[in-house]
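Worth saying up front: this structure is predicted, and the values here are computed from it rather than measured. Values below: every heavy atom of this structure, side chains too, minus hydrogens, waters and symmetry copies.
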Amino acid sequence: MTWLEFALLHTPEPTTVRVAARRGNRYAEPTTIGPCVVNRARRVVFCPPDTDVPPGSLVTLPTGQTSRVRATCHLDAHGYRLPGHLQLDLE
């Protein structure tokens, strides 16, 4: 299963988020990434595997709420139905 197939299976439509990546003590210009799967209850965003978002970056969710990235984790596909992706844990 590709990342796009997974995202479309778990969301009614492709979801994007805006990210201002933290670079040292500055933030890069916000960019749109997606499709993403957003779990608001757990404050987790699952992003395409080639996404580069360091901890401390700012993420604006589709609702307009902005949160800081507490931690990130690159997860590889290991033959499961969950493809490789980047997990963002939000504050």
For Pro83 and Trp3, the nearest pair of non-hydrogen atoms, with its separation, is CG-CE3, 3.6 Å
Is there a path of hydrophobic side-chain contacts, each under 4.5 Å between heavy atoms of I, L, V, M, F, W or Y residues, that connects Leu88 with Leu61?
-> yes
Please tell me if the side chains of Thr66 and Val59 come closer than 4.5 Å, counting only heavy atoms from C-beta onward.
-> no
Under the 3.5 angstrom rule, does the side chain of Ser57 hit a backbone N or O of Val53 as a donor-acceptor pair?
-> no
Does the side chain of Gln87 come within less than 4.5 Å of Leu75's, by heavy atoms?
-> yes
Nearest 0.5 Å please: distance from the CG atom of Asp89 over to the SG atom of Cys73.
-> 8.0 Å
Looking only at heavy atoms, what is the nearest atom pair of Val17 and Pro62, with distance?
-> CG1-CD, 4.0 Å
Which atom of Leu90 lies closest to which atom of Arg70, heavy atoms considered = O-NH1, 3.8 Å
Ignoring hydrogens and angles, write down the donor-acceptor pairs under 3.5 Å from the side chains of residues 19-35, residues two or more places apart or on other chains.
residue: Arg22; atom: NE; partner: Gly24; partner atom: O; Å: 3.0
residue: Tyr27; atom: OH; partner: Gly56; partner atom: O; Å: 3.4
residue: Tyr27; atom: OH; partner: Arg68; partner atom: NH1; Å: 2.5
residue: Thr32; atom: OG1; partner: Arg18; partner atom: NH1; Å: 3.1

Considering only distance and modelled atom types, tabulate donor-acceptor pairs under 3.5 Å from the side chains of residues 43-51, sequence neighbours left out.
residue: Arg43; atom: NE; partner: Glu91; partner atom: O; Å: 2.6
residue: Arg43; atom: NH2; partner: Ser67; partner atom: OG; Å: 2.8
residue: Arg43; atom: NH2; partner: Glu91; partner atom: O; Å: 2.3
residue: Thr51; atom: OG1; partner: Pro48; partner atom: O; Å: 2.9

Quick one: does His10's side chain have a donor or acceptor within less than 3.5 Å of a partner on Leu8's backbone?
-> no
